[in-house]
Amino acid sequence: MLKLYDSLSKKNKPFVSLHGNRVYMFVCGITPYDSPHIGHARAYVFYDVLAKYLKYKGYNVFYLQNVTDVDDKIIARALESGVKAGEVSSKYFAEYREVMGKLKVDSVTLYAKSTDYISEIIDLIKKLIKKGYAYPSDGSVYFRVNKFEKFGELSGQIMEKLEEGASIEPDDAKEDQKDFVLWKGYKENEPYWDSPWGRGRPGWHIEDTAIAMCYFREHYDIHGGGVDLIFPHHEAEIAQAEAITDVHPFVNYWMHIGMLNIRGEKMSKSLKNFITVKDLLNKYPPEVVRFFMINNEHLKPLEFSFEAMDTAKVSHEKLVRLRNSLSTVDFDSEFDAELQREMDHAEERFFEAMDNDLSVREGFAAIFTVLPKINKALSDMHGGREQYNNFHDFLNRVNLITDIFPEEDRGYSEAGRIGTLIDSLNQYREELREKKRYEESDRIRSILEKSNISIEDTKKKTKWNKR
RNA sequence: GCCGAGAUGACAGAGCGGCAAAUGUGGCAGACUGCAGAUCUGCAUUUUGGGGGUUCAACUCCCUCUCUCGGCACCA
């Protein structure tokens with residue numbers, strides 16, 4: 001049974017959905033004011049795998065991701081470059097969609113832009129004011145943090161102690177400096193919407209709550225984001241929602257992914273230590289990037305380096321090679337019971353690991369354990385074709401969840417036309433090798449290498465693969 | 001200052017009362033090979049950040065100290 005770590009109860013909890021086989025999952029999306037960096041990639045690739053695993057298990061997943069398309073940073077960026085805020089956000093949102101597409105992050109059901117939900121946001125704020133949790137002041141509206149007793153439950157923060165080190169700029173419009181803004185009063189050169197409190201725009205925290213409640217109502221299954229969002233963002237979301245509905249908890253599973261670090265520090269725009277997803281994809285195939293992003297414990301920080309990427313690339317290649325060899329088994333020997341036992345064990349371990357709060361790394365470890373045994377059996381031509389087919393099928397199921405394998409190109413396979421051509425070339429090369437005309441045979445090999453066909457001479461025959 | 005996470009072989013990184021080290025990378029040696037690559041087999045490093053406690057038994061639980069990272073009202 002699937003267990004997920006819930007940061008609110010700080011426990012691994014068996015996953016039980018609220019509405020039968022439907023799962024409602026919300027993940028905090030980006031604020032599109034610049035190119036997405038690989039810290040974003042880690043988060044969204046992970047949640048993509050979570051959604052795909054839930055789907056694999058038979059759930060119908062409604063994966064909702066918000067887009068904060070109006071925000072201080074977008075406005076600042078727009079003023080800087082002399083364009084409209086909307087142009088900045090749509091440009092970078094398009095770029096985000098593009099790179100996520102390349103990374104095969106395709107499980108999101110709906111991307112919801114904040115500016116499409118202004119009336120829902122205003123409604124929510126009205127309700128909060130009516131219940132005494134919010135107050136208008138000087139054109140803005142603030143949330144009265146002290147009135148919500150559970151504030152701090154998720155992060156463990158003790159409100160009284162927090163004030164000492166608080167770095168917030170004092171704001172006279174607030175009753176209490178801990179209060180956060182729900183509606184920001186209009187300032188010159190800023191986008192605005194009309195509201196009962198005058199022109200203005202929504203605060204950051206209220207957008208997510210409004211969007212999530214619009215589709216999922218007062219109680220839903222999963223809410224994900226980075227650990228850096230726990231405080232204050234997710235505390236605020238809980239406060240806003242529960243203040244209105246009195247339903248606790250608002251969300252059954254709060255999931256938080258660890259940061260991606262570079263040289264020991266969190267990768268972020270403000271530290272200027274970021275690498276864009278685009279740049280990384282210029283150096284590594286998307287499958288390798290995905291493998292790197294999920295081959296770790298998602299609760300912990302992940303240290304990024306090009307050395308670590310190269311390591312990931314080498315081990316990823318072993319998996320790809322294994323799958324390729326399995327799809328081109330051309331013998332059928334006696335069923336190997338011992339091998340079958342190892343294969344079954346690997347499969348079992350893989351799904352156990354996935355069920356244990358998506359321990360993807362542990363899942364891959366299970367495959368790596370059986371990998372040398374399969375390779376050995378293949379080179380000794382032991383084992384039945386069916387058992388290899390079954391394991392190939394298992395790897396395909398792994399791929400439904402993780403999407404780490406490149407597409408198997410049928411045009412290049414042995415049955416395909418290009419495959420037949422390569423086979424003929426190899427046959428000729430064999431003849432040359434038998435006659436010890438190695439200079440010529442090596443030349444064929446190097447020509448094929450240039451077309452990304454790698455040649456492997458083994459005991460019994462020559463194998464080739466598309467790279 | 002407060003809140004949270006963490007410290008394990010050369011590196012990355014699991015295990016969380018019972019043979020320390022899964023798994024990956026790298027190193028060395030060997031097998032295969034005309035060469036190359038891939039693959040396979042074997043070997044090595046260390047005693048789990050420091051100190052104290054509980055226990056027949058501690059990497060694992062408790063206390064304490066040191067250090068690292070994240071959050072503290074911008075952020076995945």
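Chain letters run A, B, ... following the sequence lines, proteins first, then strands; residues in each count from 1. None of the values given here were measured: they were computed from a predicted structure.
Within 4.0 Å of A:Glu265, counting heavy atoms only, lie sugar-phosphate atoms of the nucleic acid but no base atom. Using a 4.0 Å heavy-atom cutoff across all strands shown, A:Leu260 reaches at least one base atom of the nucleic acid. In this structure, A:Thr369 reaches the sugar-phosphate backbone alone: every heavy-atom distance under 4.0 Å involves primed, P, OP1 or OP2 atoms, never a base. Heavy atoms of A:Gly29 sit under 4.0 angstrom from primed sugar atoms or phosphate atoms, though from no base atom. Counting any heavy atom pair closer than 4.0 Å across all strands shown, A:Tyr44 reaches sugar-phosphate atoms only and no base atom. A:Lys269 comes within 4.0 angstrom of nothing in the nucleic acid, heavy atoms only. Within 4.0 Å of A:Glu297, counting heavy atoms only, lie sugar-phosphate atoms of the nucleic acid but no base atom. Among the atoms of the strands shown, base atoms are found under 4.0 Å from some heavy atom of A:Ile455. Residue contacts shown for A:Met267 include a base, since a base heavy atom lies under 4.0 Å away.
Taking the ring pair (Phe, Tyr, Trp, His ring centres under 6.0 Å) definition, one finds that A:Tyr428 meets it with nothing, sequence neighbours left out. Judged as a ring pair (Phe, Tyr, Trp, His ring centres under 6.0 Å), and not counting sequence neighbours, A:Tyr5 has no contacts. A:Glu95 meets the side chain to side chain contact (heavy atoms under 4.5 Å, CB included) test with A:Ser35, A:Pro36, A:Tyr92, A:Lys278; sequence neighbours excluded. Every residue two or more places apart in sequence or in another chain was checked for a side chain to side chain contact (heavy atoms under 4.5 Å, CB included) with A:Ser90, and none qualifies.
With values rounded to the nearest 0.5 angstrom, A:Leu302 atom CG is found 11.5 Å from A:Ile294 atom CD1. The distance from the CZ atom of A:Arg361 to the NZ atom of A:Lys300 is 10.0 Å, given to the nearest 0.5 Å. Considering CE of A:Met267 and CD of A:Glu303, their distance stands at 9.0 Å, rounded to 0.5 Å.
Between the NZ atom of A:Lys266 and the P atom of B:C74 there is a distance of 13 Å, rounded to whole Å. Distance A:Leu8 CG to B:G4 P: 14 Å, rounded to the nearest Å. Put simply, CG on A:Asn261 is 11 Å from C1' on B:G6, counting in whole angstrom units. In this structure, A:Asp380 atom CG and B:C32 atom C1' are separated by 11 Å, rounded to whole Å. One atom, CD1 of A:Ile230, and another, C1' of B:G70, lie 9 Å apart when rounded to the nearest Å. Atoms CD1 (A:Ile374) and P (B:A38) sit 19 Å apart, rounded to a whole Å. Distance CG (A:Asp228) to P (B:G70): 11 Å, rounded to an integer number of Å.
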Show the atom names and distances, to 0.1 Å, of all donor-acceptor pairs under 3.5 Å that link a side chain in residues 254-262 of chain A to residues at least two apart or in another chain.
| unit_1 | atom_1 | unit_2 | atom_2 | d |
| --- | --- | --- | --- | --- |
| A:His256 | ND1 | A:Ser7 | OG | 2.6 |
| A:His256 | NE2 | A:His234 | ND1 | 2.7 |
| A:Asn261 | OD1 | A:Lys266 | N | 3.4 |

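At a non-hydrogen distance threshold of 4.0 Å, A:Arg349 from residues 346-355 of chain A come into contact with RNA chain B. Within residues 143-157 of chain A, the residues approaching RNA chain B are A:Phe151, A:Ser155, A:Gly156, A:Gln157, by heavy-atom distance under 4.0 Å. Shown for residues 431-440 of chain A: residues whose heavy atoms fall under 4.0 angstrom of RNA chain B, namely A:Arg433, A:Tyr438.
Residue pairs satisfying the salt bridge (Lys or Arg N to Asp or Glu O under 4.0 Å) criterion with at least one member in residues 138-156 of chain A, sequence neighbours excluded, are listed as follows: A:Arg144-A:Glu175. Sorted by first then second residue, the salt bridge (Lys or Arg N to Asp or Glu O under 4.0 Å) pairs that include residues 362-379 of chain A, not counting sequence neighbours, are A:Glu342-A:Lys373, A:Arg349-A:Glu362, A:Lys376-A:Asp380.
In this pair, A:Phe216 and A:Tyr24 present their aromatic rings tilted. The plane angle is within the 30 to 60° band. Between A:Phe364 and A:Phe350, the angle of the ring planes lies from 30° to 60°, which puts this pair in the tilted group. In this structure, A:Tyr111 and A:Phe93 have perpendicular ring planes: the angle between them is above 60°, well past the 30° mark. Ring-plane geometry between A:Phe148 and A:Phe151 is classed as perpendicular, the angle between the planes exceeding 60 degrees on a 0 to 90 degree scale with a lower cut at 30. Note on ring orientation: taking the six-membered ring where Trp is involved, the planes of A:His205 and A:His233 are tilted (angle from 30° to 60°).
Distance from the side chain of A:Pro232 is smallest to B:A73 among B:C3, B:A76, B:A73. Picking from B:U25, B:A76, B:A14 the nucleotide with the shortest atom distance to the side chain of A:His37 gives B:A76. The side chain of A:Ser315 approaches B:U25 more closely than any other nucleotide in the set B:G71, B:U25, B:U23. The side chain of A:Lys178 lies closest to B:A73, out of B:G34, B:A73, B:G24. When each of B:A76, B:A73, B:U23 is scored by its nearest atom to the side-chain atoms of A:Lys174, the top-ranked nucleotide is B:A73.
Comparing A:Thr311 and A:Ser441 against RNA chain B, the residue whose closest nucleotide sits nearer the 5' end is A:Thr311. RNA chain B is contacted by both A:Cys28 and A:Glu303; A:Glu303 maps to the nucleotide lying nearer its 5′ end (nearest heavy atom per residue).
Between A:Phe304 and A:Phe306, a ring centre-to-centre spacing shorter than 6.0 Å is recorded.
Shown are A:Lys102, A:Lys313, A:Lys104; of these, the salt bridge (Lys or Arg N to Asp or Glu O under 4.0 Å) with A:Glu287 is made only by A:Lys104. Among the candidates A:Glu439, A:Glu434, A:Glu440, the single residue satisfying the side-chain hydrogen bond (donor to acceptor under 3.5 Å, both in side chains) test with A:Arg437 is A:Glu440.
A donor N or O paired with an acceptor N or O is found under 3.5 Å between the base of B:G34 and the side-chain atoms of A:Asp442. With hydrogens and angles ignored, a donor-acceptor pair closer than 3.5 Å exists between the side chain of A:Arg445 and the base of B:C35.
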- Message: I'd like to know whether A:Asn375 forms a side-chain hydrogen bond (donor to acceptor under 3.5 Å, both in side chains) with A:Arg321, so could you lay out the CA-CA distance, the side-chain angles of the two residues, the decisive distance to 0.1 Å, and finally the verdict.
- Response: CA-CA 10 Å; A:Asn375 277 332; A:Arg321 223 182 274 277; over 6 Å; no
Do any N or O atoms of the protein come closer than 3.5 Å to N or O atoms of nucleotides 39-42 of chain B, and which pairs are they?
| unit_1 | atom_1 | unit_2 | atom_2 | d |
| --- | --- | --- | --- | --- |
| B:U39 | O3' | A:Asn375 | ND2 | 3.3 |
| B:C40 | OP1 | A:Asn375 | ND2 | 3.4 |

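For the strand RNA chain B, secondary-structure stems (runs of at least three Watson-Crick or G-U pairs, all distances below 3.5 Å) span B:1-7 with B:66-72, B:10-12 with B:23-25, B:27-31 with B:39-43, B:49-53 with B:61-65.
B:A73 and B:C65: their C1' atoms are spaced 32 Å apart (whole Å).
The side chain of A:Lys313 places no N or O atom within less than 4.0 Å of a non-bridging phosphate oxygen (OP1 or OP2) of B:G24.
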